[in-house]
Amino acid sequence: MNGLQKVLQPVMIKMVDELAERVYETLNFYLNDYYIGWTPDSYRRTEAFLRSAVKVDAYPYKGGVKAVVYIDYDSMDDYVDATGYQVAEWANTGLHGGLSVSHKPHVWDDTLDHTINNGSLLRLAVQYLRSQGISVRN
């Protein structure tokens, strides 16, 4: 098994990295949608949230492979009367600066819905593995 794992690991790292990149691109799409969909009148934007998406490249982890995509709310330290975490929470509930507005993307939930929950990442994983000559049953 160790030999098989060693042979498959580069394939898995590349696949997981490509899947993480898809999640990262989707997250950035919704972050951008969040920003262009509404312009505040009562506060000035810092755009720290717009630039908060982070992707950690795939790496071996506990006998498998892991990649991480997240919103770095700790980097958003320039908000007045709100933490970066609160800004991210608002954006995931359709609020802008804590205000209810008509343009209401749910940044993180929409990202998950359009990558994981709809099965597209699984389809991409199967497609990738097959392109590498690995037999995958549905």
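Source: prediction; values computed, not measured.
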* List the atom of N118, the atom of R123, and the distance in Å for their closest heavy-atom pair. =>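 Taking every non-hydrogen atom into account, O-NH1, 3.2 Å.
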* **Which atom of H106 lies closest to which atom of G94, heavy atoms considered** =>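 Looking at all heavy atoms of both residues, the closest pair is CD2-N, 3.4 Å.
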If you define the side chain from C-beta out and look only at heavy atoms, does anything of [X] sit under 4.5 Å from [Y]?
{"X": "Y24", "Y": "N28", "result": "yes"}
{"X": "V11", "Y": "L129", "result": "yes"}
{"X": "Y30", "Y": "W108", "result": "no"}
{"X": "P60", "Y": "Q9", "result": "yes"}
{"X": "L27", "Y": "I71", "result": "yes"}
{"X": "Y70", "Y": "V56", "result": "yes"}

* Backbone N/O of G84 and side chain of D74: donor-acceptor pair under 3.5 Å ->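 No, D74 side chain to G84 backbone: no donor-acceptor pair under 3.5 Å.
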* Main-chain N/O of A58 paired to D17 side chain as donor or acceptor, under 3.5 Å ->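 Here the side-chain-to-backbone pair exists.
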* Salt-bridge contact K14-E18 (side-chain N to carboxylate O under 4.0 Å) ->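 Yes, K14 and E18 are salt-bridged.
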Let me confirm one number: the [atom1]-[atom2] distance from [X] to [Y], rounded to the nearest 0.5 Å.
{"X": "L31", "Y": "L50", "atom1": "CG", "atom2": "CG", "answer": "6.5 Å"}
{"X": "S120", "Y": "R22", "atom1": "OG", "atom2": "CZ", "answer": "6.5 Å"}
{"X": "M15", "Y": "L8", "atom1": "CE", "atom2": "CG", "answer": "10.0 Å"}
{"X": "T26", "Y": "L121", "atom1": "OG1", "atom2": "CG", "answer": "7.5 Å"}

* To do: State plainly whether one hydrophobic cluster holds both V16 and V68, where clusters connect Ile, Leu, Val, Met, Phe, Trp and Tyr through side-chain heavy atoms under 4.5 angstrom apart.
  =>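 Different clusters.
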* According to a 4.5 Å side-chain heavy-atom criterion applied to Ile, Leu, Val, Met, Phe, Trp and Tyr, with indirect links allowed, do V69 and V54 form part of one hydrophobic cluster? ->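 They do not share one cluster, since no chain of ILVMFWY contacts under 4.5 Å joins V69 to V54.
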* F49 and Y73 aromatic centres sub-6.0 Å ->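 Between Y73 and F49, which both carry aromatic rings, the centre distance is not below 6.0 Å.
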* To do: For a side-chain contact (heavy atoms from CB on, under 4.5 Å) with L19, tell me which candidate from L124, V65, L122 qualifies.
  =>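 Only one of L124, V65, L122 forms a side-chain contact (heavy atoms from CB on, under 4.5 Å) with L19, namely L124.
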* Can you spot which of W90, Y34, F29 makes a side-chain contact (heavy atoms from CB on, under 4.5 Å) with V107? =>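 That would be Y34.
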* Got more than 12 heavy atoms from elsewhere within 6.0 Å of OH, Y59? ->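 More than 12 heavy atoms, drawn from other residues, nucleotides or ligands, come within 6.0 Å of this atom.
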* Asked: Please walk me through it: do V23 and L112 pass side-chain contact (heavy atoms from CB on, under 4.5 Å)?
  -> CA-CA 8 Å; V23 174; L112 294 179; 5.7 Å; no
